[in-house]
Amino acid sequence: MGQKIVIIGAGSMAFTTTIVSTIFADPFYKGCTVGLVDIDAENLEIMRKYLERANRELGCGITFEASTERRDVLPGADIVTISIAVGGNKAFKRDLDIPTKYGFVQPDGESLGPGGISRALRHVYEIVNIARDMEELCPKARMYNFTNPVPIVVQAVNQQTSIRCVGLCIGVELTKRFACEFMGLDPEKVSAKAAGINHFHFLLELMYNGKDIYPEFRKKIREMFKKDNLDTLAKEQKYKKTVGHFDELLLSLAICDRMGYFPGPGDHHIGEFYPQWFTSTEAQRIRHPFDQAYIKKVLKTYPEFHKKVYNQAMGTEPLDRDMLTVGKTWEESQMVDIERAMREDTGEIFHINIPNKGYITNLPDGVVVEIPVHVDASGYHPLAMGDLPNTIVPYISRHAYNIQNIVDAAVKGDRWLAMAALANDPNCFDLEIGEKCLNELIDAQMEYLPQFRK
């Protein structure tokens with residue numbers, strides 16, 4: 001009998017299409033069962049029809065189950081992936097619009113700031129309950145979490161339940177590719193090691209064909225800033241012509257120049273941890289127009305993608321096999337690669353979000369860190385990173401300690417703890433304004449926060 005993989009949040013069309021494509025591509029999973037779970041019955045049915053059609057036409061031999069009730073599908077699961085968005089884009093938009101009203105600027109609202117905390121309060125509560133169902137129905141299953149804020153969710157599951165949970169993200173691979181783009185190098189010939197917290201890591205090692213190229217990387221950045229300042233670089237197009245994502249890297253390159261290590265994954269994420277560097281002056285806001293960048297992109301691209309999947313599910317368009325091509329960078333692909341590394345004892349290294357147990361010695365134990373992990377038949381073996389450099393650890397440490405406040409607030413439904421977390425957040429520029437904003441967020445999202453209904 002083949003393995004059983006359960007995808008909770010299967011109505012997420014981009015994610016589910018990608019992760020199932022990796023299952024289709026691996027002959028090991030022929031004969032396996034994939035369980036699809038989503039509370040959105042309409043999207044769930046679209047995905048079921050689309051994937052069953054793809055399964056038939058590609059001859060993959062996979063059995064699909066689908067239900068809006070996860071307890072119907074969880075029994076017997078070997079792997080459970082989490083890709084939920086409690087409240088969908090409607091709730092996510094509130095996470096951004098309400099803080100905007102109070103003067104907060106949030107590029108993504110997935111990691112921290114009032115919007116990130118609001119997102120965490122919804123997701124932690126629900127995913128811990130999923131893990132508790134797993135304890136009863138599939139206690140030996142491994143959980144892979146893709147839902148943001150990744151470290152907060154993973155920390156909560158590992159603290160509150162016995163389920164083995166790690167978090168996966170595209171971030172480190174993107175950061176490496178951004179560095180390669182700036183240097184004009186083939187990323188397939190570059191290896192990198194990074195450490196920190198999800199959406200806030202730094203490259204600690206950068207090797208090209210076995211040679212340390214970090215000194216050359218730093219030198220090129222230094223020379224760029226000797227010739228031009230941030231305002232000039234933001235306006236000119238000379239780097240844009242050779243560095244396609246330059247608009248997403250300017251702040252990160254400036255941080256590397258001043259602090260010695262390249263952060264990632266991109267300015268939108270990094271900016272939320274250093275808000276004073278893109279919001280303190282009008283010039284900064286013009287230079288880095290980040291506000292609500294991610295949700296604007298999602299709302300622009302999602303309708304067309306939804307239509308395309310729907311038409312293929314209904315059979316009114318031919319199956320687009322390019323949509324099922326396995327990529328090399330997306331976090332959804334990592335899960336199958338990690339499982340293969342365990343199954344075949346390959347000893348590959350992946351960057352995984354996992355609870356710290358002395359791996360980073362100047363961050364607290366228990367906090368979920370993003371670090372290189374050696375994976376073989378005996379499981380996960382995180383690499384010892386030692387101390388993070390003093391130039392980069394202060395803000396990482398600040399957020400690392402604050403994560404526990406957010407976890408406790410989400411689990412207990414405690415407004416005071418949630419406010420304590422926001423007070424310690426670098427985005428909180430005023431305590432009274434922050435408290436009004438957070439209370440309005442909680443009240444607006446109350447339908448998704450049963451733990452706060454006291």
Side-chain angles (χ1 to χ4, degrees), residues 7-22 36-51 53-54 66 68 81-100 106-111 115-116 118-120 122-123 126 145-150 153 168-171 174 199 245 247-248 265-269 272 289-327 329-333 444-445 447-448:
I7 302 171
I8 298 183
S12 173
M13 295 186 179
F15 173 89
T16 303
T17 299
T18 308
I19 197 168
V20 173
S21 70
T22 67
L36 307 173
V37 180
D38 204 292
I39 62 172
D40 186 327
E42 182 179 348
N43 276 358
L44 180 65
E45 181 64 7
I46 292 169
M47 286 308 301
R48 182 189 67 79
K49 289 182 176 180
Y50 168 75
L51 294 172
R53 177 187 177 184
T68 56
T81 72
I82 309 295
S83 55
I84 66 172
V86 176
N89 285 336
K90 179 182 177 182
F92 191 11
K93 194 75 168 66
R94 283 188 200 136
D95 290 341
L96 299 167
D97 286 344
I98 291 172
T100 295
Q106 297 182 134
D108 293 282
E110 293 186 311
S111 302
S118 175
R119 192 168 180 82
R122 298 196 306 280
H123 288 161
E126 185 62 26
N145 175 62
F146 300 91
T147 293
N148 286 310
V150 166
V153 168
L168 300 181
C169 181
I170 187 179
L174 274 180
H199 292 169
H245 293 90
D247 291 344
E248 300 174 46
D267 288 357
H268 294 169
H269 286 302
E272 292 194 326
F290 293 165
D291 198 19
Q292 298 199 19
Y294 179 63
I295 191 66
K296 289 174 183 175
K297 181 179 178 181
V298 169
L299 294 177
K300 181 179 179 180
T301 60
Y302 183 75
E304 187 62 32
F305 186 78
H306 182 283
K307 180 180 177 182
K308 187 172 185 178
V309 173
Y310 176 83
N311 288 341
Q312 291 180 68
M314 299 300 114
T316 57
E317 287 185 13
L319 186 69
D320 184 351
R321 299 195 178 201
D322 285 344
M323 288 174 56
L324 298 163
T325 300
V326 177
T329 63
W330 300 105
E331 58 257 54
E332 298 92 325
S333 303
Q445 308 282 26
E447 62 185 299
Y448 310 117

Identify the heavy atoms of [X] and [Y] that sit nearest to each other, and give their distance.
{"X": "Gly109", "Y": "Glu272", "result": "N-OE2, 2.6 Å"}
{"X": "Pro265", "Y": "His199", "result": "CD-CA, 3.5 Å"}
{"X": "Glu110", "Y": "Arg119", "result": "CA-CD, 4.0 Å"}
{"X": "Gly116", "Y": "Pro149", "result": "O-CG, 3.8 Å"}
{"X": "Ile46", "Y": "Met13", "result": "CG2-CE, 3.7 Å"}
{"X": "Ser83", "Y": "Ser12", "result": "O-CB, 4.1 Å"}

What distance separates [X] [atom1] from [Y] [atom2], expressed to the nearest 0.5 Å?
{"X": "Gln292", "Y": "Lys93", "atom1": "CD", "atom2": "NZ", "value": "4.5 Å"}
{"X": "Leu36", "Y": "Leu44", "atom1": "CG", "atom2": "CG", "value": "6.0 Å"}
{"X": "Thr81", "Y": "Ile7", "atom1": "OG1", "atom2": "CD1", "value": "5.0 Å"}
{"X": "Asn43", "Y": "Thr68", "atom1": "CG", "atom2": "OG1", "value": "13.0 Å"}
{"X": "Asp38", "Y": "Ile84", "atom1": "CG", "atom2": "CD1", "value": "9.5 Å"}

Scan side-chain atoms only and decide if His123 and Thr147 contain a donor-acceptor pair under the 3.5 Å cut-off.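 No - no donor-acceptor pair under 3.5 Å links their side chains.
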
Can you classify the ring geometry of Tyr294 versus Phe92 as parallel (below 30°), tilted (30 to 60°) or perpendicular (above 60°)?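 Tyr294 and Phe92: tilted rings.
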
Can you list every ring pair (Phe, Tyr, Trp, His ring centres under 6.0 Å) pair that touches residues 303-323, not counting sequence neighbours?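 Sorted pair list: Tyr302-His306.
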
Are the side chains of Leu319 and Tyr50 in contact, using a 4.5 Å heavy-atom criterion?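 They are in contact (side-chain heavy atoms under 4.5 Å apart), so the answer is yes.
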
Mark yes or no for whether Ser118, through its side chain, and Asp95, through its backbone, hold a donor-acceptor pair below 3.5 Å.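 Here the side-chain-to-backbone pair does not exist.
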
Keeping Arg94 on the side-chain end and Ala444 on the backbone end, is there a donor-acceptor pair under 3.5 Å?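 A pair under 3.5 Å: yes.
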
Take atom CD1 of Ile39 as the centre, draw a 6.0 Å sphere, and report whether it contains more than 12 heavy atoms from other residues, nucleotides or ligands.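 No, the 6.0 Å shell around CD1 holds no more than 12 heavy atoms from other groups.
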
Can you pull the salt bridge (charged side-chain N to carboxylate O under 4.0 Å, His left out) pairs that have at least one residue in residues 290-309, sequence neighbours excluded?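 As it turns out, the salt bridge (charged side-chain N to carboxylate O under 4.0 Å, His left out) pairs with a partner in residues 290-309, which skip direct neighbours, are Lys308-Asp320.
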
